[in-house]
Each structure stands twice: as structure tokens, then as C-alpha cells.
Amino acid sequence: IDEIINLNDRLSEYALGIPVTTTMMELRQYVEHADGLPDSEQTLFEHIASYNMSPKFRAIQKNGRFKHYSIFKEFNQIIDAALICYYRRNYISCFLTLVPVIEGVLLRWSGYDGSVDKLNFENYRAFFKNGARRNPCPGNVLFYEVFSKLCDNVLNKHLYKPTTSGDSYGDFNRHLALHLLKTPEFGTRNNCIRLFMLLDNMTEIYLYEEGFNDPRFGLKVEDFEDDYKLYGALLINSKSPDTVENKLL
């Protein structure tokens, strides 16, 4: 666990961390990638994307996580809309679509229902530091610490970093995107992968805080195969040089 936390601390400088699906063999590979940073950054992204952005895993994540937990469920279509943009290589729209979902999930996680004041900016930034106030005895406490620290680093060092405090790595910054404070360089494939990883990590933390059984492990193929086929078809079609996205974007 200490090794994983140390690795995540290094990767978080690049607004990254290990995926929730990481095996022990993959952990060793991520350590090697981290040792080669910054030169190995793109290799690291390709390794992460090869499974975590695959049609199969995205379909499993949708049907085994997002559709089951109330704080994610109402954003299911928005997450799908972002994923469609990702597969069609419209990374600008993907990023702008998914960024508000992070905030919306945190609002609902905090208990906001429209009848009380919502979180302020500093509450968002401290959200994953304050997990013990929500549940002092989460399940799988070691990995709860792993992913809580990772999400806290990514939010504070990058996505929710005040623009007055300097640049976020790769322009991975909510304020920069929503207020268009400078030339929009946030709409990249890598930044979209970062957002999906952050969302996946958040489902892991929520699972531990609420003490649920993981519905992802109970899925049968028929539970996610329709989404899997649709995502796969999108991915295949996006490879054509004649798509509108490839010509314009």
C-alpha cells in the first residue's frame, strides 16, 4: 500500500494515478513508466487507455457502477454523451461535458438536494480530505486511503487548482475550461482519460464509504453487451479519416 501511495504521489504530478483495475503485474509496469517520466508519459496513457477506455470496461463500469449508485445514476446519460464524444475523437466536447459531472456528483455525495446551500469551492477542494466525517469506518480501509489521497491530489493540484496559483499540468483545470481563460488547450485525449479515471476512482471511494457489495462483480455478459457493442461500433467508425470530427477537429 505504501508503494502504491508513493507511486500515485509521483503520478499525481501529471494528474494521474493507477486505475482501479490495476493488477500486481500492472503495478510493476506503472512503476517502470513512472521511473521514465516525463519521457514515458504517452506510453503511460496508452497503457491506461488500452483497458480503462475500452468499450468493454466502459460498458461494465456503466452497468456495474454508475447505474447502481444514486449519486452517479442521474448523470448516466451525460457520461454516455461524453464517452460518445471521446470515441468520435471530439475531445473538446468530451471534456466540457464531463467536467460538470464531477461537481454534480460531489454535490449529491455531500447530501445536497436543492433545499440547502451547496458546497463552496473550498469544500470541493477538501472533499476527499474529509472522508472520515462522512464515514470514519469505511470498507477496505487501505485502498480507501489509496484512492482518497489520489483524488485529493488530482483535484487540488490540477482540476480545482485556483488559476491564480499557477498552471495545472496539461491545462487539466475546471476553471480554465468553463471560463475559457486562455486559448483552449484542455480539450485533449489525455485530459479526457484523466477525467474518466477520476470518475472511476470516485466510484471506488463511494463503494467503500457506503459499504456496498460491488455490483460490477455480479454482472453477466448480457447485462452490458448492448452497450459494449454500441461503444465498439463507435470506436471502429471513428477510425475512418472521413468522419466530420477527424476533418474538423
Side-chain angles (χ1 to χ4, degrees), residues 11 14-17 19-21 33 38 40-67 72-105 154 158-160 163 167-203 224-249:
L11 296 179
Y14 299 83
L16 279 172
V20 295
T21 57
H33 294 327
S40 62
E41 181 180 351
Q42 197 53 43
T43 302
L44 181 62
F45 270 104
E46 296 307 324
H47 191 154
I48 291 170
S50 64
Y51 183 70
N52 283 70
M53 294 307 301
S54 70
K56 181 177 182 180
F57 181 70
R58 295 315 331 159
I60 289 173
Q61 196 70 347
K62 172 184 176 178
N63 291 278
R65 288 285 175 91
F66 301 142
K67 287 176 68 173
F72 297 93
K73 187 174 182 180
E74 64 183 285
F75 302 113
N76 209 30
Q77 281 191 317
I78 302 176
I79 297 169
D80 257 351
L83 187 60
I84 290 169
C85 291
Y86 176 85
Y87 284 142
R88 291 183 66 91
R89 303 188 185 188
N90 183 352
Y91 301 125
I92 296 172
S93 294
C94 175
F95 190 87
L96 290 172
T97 301
L98 204 53
V99 158
V101 172
I102 304 298
E103 187 170 328
V105 169
V154 171
H158 304 285
L159 190 63
Y160 284 175
T163 51
D167 295 333
S168 300
Y169 189 83
D171 283 344
F172 184 66
N173 186 275
R174 174 243 191 222
H175 317 300
L176 179 63
L178 297 186
H179 301 295
L180 296 177
L181 299 177
K182 66 176 185 177
T183 305
E185 298 177 359
F186 54 82
T188 65
R189 175 174 177 262
N190 287 356
N191 276 351
C192 294
I193 293 171
R194 287 180 170 108
L195 277 180
F196 276 104
M197 281 194 62
L198 177 59
L199 197 60
D200 292 340
N201 292 340
M202 288 164 61
T203 69
F224 65 86
E225 65 178 343
D226 288 345
D227 290 311
Y228 179 23
K229 290 176 181 177
L230 289 171
Y231 297 160
L234 269 172
L235 189 57
I236 291 171
N237 292 338
S238 73
K239 295 179 180 178
S240 168
D242 295 325
T243 66
V244 172
E245 289 82 3
N246 284 336
K247 287 184 175 181
L248 292 181
L249 304 177

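The figures that follow rest on heavy atoms only: side chains count, while hydrogens, waters and symmetry mates do not.
Residues Leu96 and Ala177 approach most closely at CD2-O, 3.9 Å, considering heavy atoms. In terms of heavy-atom proximity, Ile48 sits nearest to Gly17 at CD1-O, 4.3 Å. Nearest heavy atoms, Cys94 versus Ala82: SG-O, 3.3 Å. Across Asn63 and Ala59, no two heavy atoms sit closer than the pair ND2-O, 2.8 Å.
Salt-bridge check for Glu245 with Arg189: failed, with every basic side-chain N at 4.0 Å or more from each acidic carboxylate O. Taking the charged nitrogens against the carboxylate oxygens, Asp80 and Arg58 have no contact shorter than 4.0 Å, which rules out a salt bridge.
Here the CG-NZ distance, from Leu83 to Lys62, works out to 9.0 Å after rounding to the nearest 0.5 Å. Thr243 contributes atom OG1, which lies 9.0 Å from atom CG of Leu248 (distance to the nearest 0.5 angstrom). To the nearest 0.5 Å, atoms CE (Met197) and CG (Asn190) are separated by 11.5 Å. Taken to the nearest 0.5 Å, the OG1 atom of Thr97 stands 11.5 Å off from the CD1 atom of Ile79. The CZ atom of Arg194 lies 6.5 Å from the OG1 atom of Thr188; values are rounded to the nearest 0.5 Å. Atoms CG and CG, from Leu16 and Leu198 in turn, are 11.0 Å apart once rounded to the nearest 0.5 Å.
Within the 4.5 Å cutoff, no side-chain heavy atoms of Phe75 are placed close to those of Pro100. Residues Arg89 and Lys239 form a side-chain contact, since some pair of their non-hydrogen atoms from C-beta on lies under 4.5 Å apart. Proximity of Asn52 to Phe196: side-chain heavy atoms (C-beta onward) are nowhere separated by under 4.5 Å. Counting heavy atoms from C-beta on, the side chains of Leu176 and Glu185 never come closer than 4.5 Å. Residues Tyr160 and Ile102 have side chains in contact (heavy-atom distance under 4.5 Å, counting atoms from C-beta outward). Contact check for Leu44 versus Leu11: side-chain heavy atoms found under the 4.5 Å cut-off. Looking at heavy atoms from C-beta onward, Lys67 lies in side-chain contact with Asn76 at the 4.5 angstrom threshold. The shortest side-chain heavy-atom distance between Leu195 and Leu159 falls under the 4.5 Å cut-off.
A side-chain donor-acceptor contact under 3.5 Å links Ser238 to the backbone of Leu235. When atom types are taken as modelled, the side chain of Asn90 and the backbone of Leu249 share no donor-acceptor pair closer than 3.5 angstrom. Side chain of Asn246 to main chain of Asp242: no donor-acceptor pair is present (N/O by atom type, distance under 3.5 Å, no hydrogens or angles).
Using cut-offs of 30° and 60° on the angle between ring planes, the pair His158 and Tyr169 is perpendicular. Note on ring orientation: taking the six-membered ring where Trp is involved, the planes of His179 and His175 are parallel (angle under 30°, cut-offs 30° and 60°). Between Tyr231 and Tyr87, the angle of the ring planes lies from 30° to 60°, which puts this pair in the tilted group. By the 30° and 60° cut-offs, the orientation of the rings of His33 relative to His47 is perpendicular. Using bins of under 30°, 30° to 60° and over 60° for the plane-to-plane angle, the ring pair Phe66/Phe72 lands in the tilted bin.
Residues meeting the ring pair (Phe, Tyr, Trp, His ring centres under 6.0 Å) test with Phe45, sequence neighbours left out: none.
For the residue pair Thr163/Asn173, the side-chain donor-acceptor check at 3.5 Å is not satisfied.
Ring centers of Phe186 and Phe172: at least 6.0 Å apart, outside the cut-off.
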